[in-house]
Engineer: 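The structure follows.
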Amino acid sequence: MRVILLGPPGCGKGTQGNRIEQSYGFPRISTGDLLRAEVAAETLLGLKARTVMESGELVSDAIVVEMIRKRIFSPDCRKGYILDGFPRTIAQAESLAYMDGSRLEAAIDIRVDNDVLIKRLSARWVCSCGAVYNLKVKPPAEEGKCDVCGGSLLQRKDDDSGVIRGRLRVYRKQTEPLIVFYKKKGNYFFVDGEQGIESVFSSINYILKRLLQETGELRE
Ligand code: AP5
Ligand code: MG
């Protein structure tokens with residue numbers, strides 16, 4: 001199975017991706033996290049991606065498709081994987097279908113309004129291990145320290161208020177057309193992302209369980 005998490009910046013793709021990973025054991029693959037690791041390691045790719053990411057624009061399709069191609073054929077993805085932040089353009093979605101087309105697929109759109117997204121991103125703190133916190137709704141047990149790995153928490157450079165607005169514009173223009181793409185494929189689902197974190201997960205869990213039961217991959 002492949003779970004694709006669609007939705008604007010701050011809708012909860014990372015939060016729900018981690019939650020699905022815990023419950024289903026499928027690895028979460030975040031192109032944002034992979035790119036940030038390249039930036040931190042100061043690789044050539046990271047140096048190219050850095051300015052683009054800090055400005056809130058999208059990195060080129062060729063770069064992210066190649067990163068995903070390497071990752072999804074790893075042994076831990078054999079039973080399934082969760083895509084967080086990929087695909088983000090029609091060209092990326094077409095490449096994904098071409099590379100790994102035969103999987104049971106659910107594209108889940110986490111819907112949240114812009115004003116809520118802006119508030120959430122302004123209060124977000126993250127860890128390099130992928131854990132995500134929010135000072136208002138999900139603070140770490142100890143200030144500035146990750147509950148999962150004990151690492152130091154930081155705020156992302158692209159969570160600056162001006163850049164957030166730019167990222168939202170980029171999403172509406174370049175990524176939202178994927179809704180129609182997956183509707184046409186018959187794999188599109190949406191959930192109300194303005195509920196609490198556990199309620200959003202229950203809605204996603206319901207969709208995934210039903211799909212797996214319908215196809216006989218999960219029997220209770
Ligand atoms: P990426 O890292 O993917 O960022 P994004 O899509 O902008 O999404 P975010 O990570 O900001 O938000 P999220 O939906 O994961 O929300 P989260 O769970 O953290 O990409 C960054 C950049 O990399 C892009 O701008 C681009 O430059 C580049 N890039 C990445 N992929 C690319 C691709 N495929 N193609 C080209 N370029 C690419 O939650 C947000 C906050 O809200 C947290 O504080 C959380 O605790 C809180 N929260 C979550 N759920 C809830 C809830 N239900 N109620 C209340 N608060 C909640
Ligand atoms: Mg994220």
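The figures here come from the full heavy-atom set of this structure, side chains too, leaving out hydrogens, waters and symmetry mates. One-based numbering, in listed order, for ligands and for the atoms of each.
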Engineer: For ligand 1, does Ile197 get within less than 4.0 Å through its side chain, its backbone, both, or neither, judged by non-hydrogen atoms?
Structural biologist: both

Engineer: Which of the listed options, Gln92, Lys119, Arg19, Arg124, holds the heavy atom that is closest to atom 19 (O) of ligand 1?
Structural biologist: Arg124

Engineer: Taking distance alone, with N or O pairs closer than 3.5 Å, would you say Ala123 contacts ligand 1?
Structural biologist: no

Engineer: Considering only NZ, NE, NH1 and NH2 on the basic side and carboxylate oxygens on the acidic side, decide whether Arg167 and Glu57 come within less than 4.0 Å.
Structural biologist: no

Engineer: I'd like to know if the side chain of Arg165 pairs up with that of Asn114 as donor and acceptor (distance under 3.5 Å, no hydrogens or angles considered).
Structural biologist: no

Engineer: Among all protein heavy atoms, pick the one closest to atom 49 (C) of ligand 1 and tell me residue, atom and distance.
Structural biologist: Thr15 OG1, 3.5 Å

Engineer: In terms of side-chain heavy atoms, does Glu38 have a donor or acceptor partner in Thr43 at a distance below 3.5 Å?
Structural biologist: yes

Engineer: Going by the atom numbers of ligand 1, which of them fall below 4.0 Å from some non-hydrogen atom of Tyr133?
Structural biologist: 43 (C), 44 (O), 46 (O)

Engineer: Measuring from the heavy atoms of Lys136, does anything fall under 4.0 Å of ligand 1?
Structural biologist: no

Engineer: Salt bridge check: are Arg103 and Asp100 linked by an N-O gap of less than 4.0 Å?
Structural biologist: yes

Engineer: Same cluster for Ile90 and Leu83 if Ile/Leu/Val/Met/Phe/Trp/Tyr side chains link at under 4.5 Å?
Structural biologist: yes

Engineer: Can a side-chain donor-acceptor contact be found between Asn18 and Arg28 if the only test is distance below 3.5 angstrom?
Structural biologist: yes

Engineer: Indicate yes or no for a side-chain donor-acceptor contact from Thr31 to the backbone of Gly85 under 3.5 Å, with no hydrogens or angles considered.
Structural biologist: yes

Engineer: Identify, for atom 16 (O) of ligand 1, the protein heavy atom at the shortest distance, and state residue, atom and that distance.
Structural biologist: Gly12 N, 3.2 Å

Engineer: Could you list which atoms of ligand 1 come closer than 4.0 Å to a heavy atom of Pro9?
Structural biologist: 5 (P), 7 (O), 8 (O), 12 (O)

Engineer: When you compare the side chain of Phe189 with that of Asp109, does any pair of heavy atoms fall below 4.5 Å?
Structural biologist: no

Engineer: Assess the side chains of Arg2 and Tyr81: does a donor N or O sit below 3.5 Å from an acceptor N or O?
Structural biologist: yes

Engineer: Should Gly7 be listed as contacting ligand 1, given a heavy-atom distance under 4.0 Å as the test?
Structural biologist: no

Engineer: Find all atoms of ligand 1 within a distance of less than 4.0 Å from any non-hydrogen atom belonging to Gly32, and give their numbers and elements.
Structural biologist: 1 (P), 2 (O), 20 (O), 30 (C), 31 (N)

Engineer: State plainly whether the residues Glu42 and Arg50 are in salt-bridge range, i.e. N to O under 4.0 Å.
Structural biologist: no

Engineer: So, do Ile29 and Cys77 sit near enough that their side-chain heavy atoms are less than 4.5 Å apart?
Structural biologist: yes

Engineer: Nearest to atom 10 (O) of ligand 1, what protein heavy atom do you find, and at what distance?
Structural biologist: Arg156 NH1, 2.9 Å

Engineer: I'd like to know if the side chain of Lys138 and the backbone of Val132 have a donor-acceptor N/O pair within less than 3.5 Å.
Structural biologist: yes

Engineer: Phe86 to ligand 1: N or O pair under 3.5 Å?
Structural biologist: no

Engineer: Flag Val200 as yes when one of its N or O atoms lies below 3.5 Å from any N or O atom of ligand 1, and as no otherwise.
Structural biologist: no

Engineer: How far is atom 28 (C) of ligand 1 from the closest protein heavy atom, and which atom is that?
Structural biologist: Leu35 CD1, 3.7 Å

Engineer: Considering Arg88, Arg167, Lys13, which one's heavy-atom position lies nearest to atom 1 (P) of ligand 1?
Structural biologist: Arg88

Engineer: Which of the numbered atoms in ligand 1 are below 4.0 angstrom from a heavy atom of Leu121?
Structural biologist: 11 (O)

Engineer: Side-chain contact, heavy-atom cut-off 4.5 Å: Asp76 with Phe26?
Structural biologist: no

Engineer: I'd like to know whether ligand 1 has Gln16 as a neighbour, heavy-atom separation below 4.0 Å.
Structural biologist: no

Engineer: Where is the nearest protein heavy atom to atom 12 (O) of ligand 1: which residue, which atom, and how far?
Structural biologist: Gly10 N, 2.9 Å

Engineer: List every atom of ligand 1 that sits less than 4.0 Å from any heavy atom of Val137, numbering the atoms from 1 in the order shown and giving each element.
Structural biologist: 55 (C), 56 (N)

Engineer: What protein heavy atom sits nearest atom 46 (O) of ligand 1, and how far off is it?
Structural biologist: Asn134 CB, 3.2 Å

Engineer: Do Asp160 side-chain atoms and Gly162 backbone N/O form a donor-acceptor pair below 3.5 Å?
Structural biologist: yes

Engineer: Measure the distances from the heavy atoms of Gln195 to every atom of ligand 1 and state whether one is below 4.0 angstrom.
Structural biologist: yes

Engineer: Based purely on interatomic distance, does Glu57 place a nitrogen or oxygen under 3.5 Å from a nitrogen or oxygen of ligand 1?
Structural biologist: yes

Engineer: Taking distance alone, with no angle check, do Thr31 and ligand 1 share an N/O pair under 3.5 Å?
Structural biologist: yes

Engineer: Yes or no: does Gly193 have any heavy atom under 4.0 Å from an atom of ligand 1?
Structural biologist: yes

Engineer: Measure Trp125 to ligand 1 on non-hydrogen atoms and call it side chain, backbone, both or neither using the 4.0 Å cut-off.
Structural biologist: neither

Engineer: For atom 48 (N) of ligand 1, tell me which residue out of Arg120, Glu194, Arg36 has the closest non-hydrogen atom.
Structural biologist: Arg120

Engineer: Do Leu121 and Pro9 have side-chain heavy atoms sitting under 4.5 Å apart?
Structural biologist: yes

Engineer: Does any non-hydrogen side-chain atom of Leu135 lie less than 4.5 Å from one of Trp125?
Structural biologist: yes

Engineer: Is the shortest N/O to N/O distance between Met53 and ligand 1 below 3.5 Å?
Structural biologist: no

Engineer: Mind checking whether Pro8 and Arg111 have side chains closer than 4.5 Å, heavy atoms only?
Structural biologist: no

Engineer: Which part of Asp159 is near ligand 1, with near meaning a heavy atom under 4.0 Å away: side chain, backbone, both or neither?
Structural biologist: neither

Engineer: Taking only heavy atoms of Gly14 into account, list the atoms of ligand 1 that are under 4.0 Å away from them.
Structural biologist: 13 (P), 15 (O), 18 (O)

Engineer: With only distance considered, is Val59 within less than 3.5 Å of ligand 1 through an N or O on each side?
Structural biologist: yes

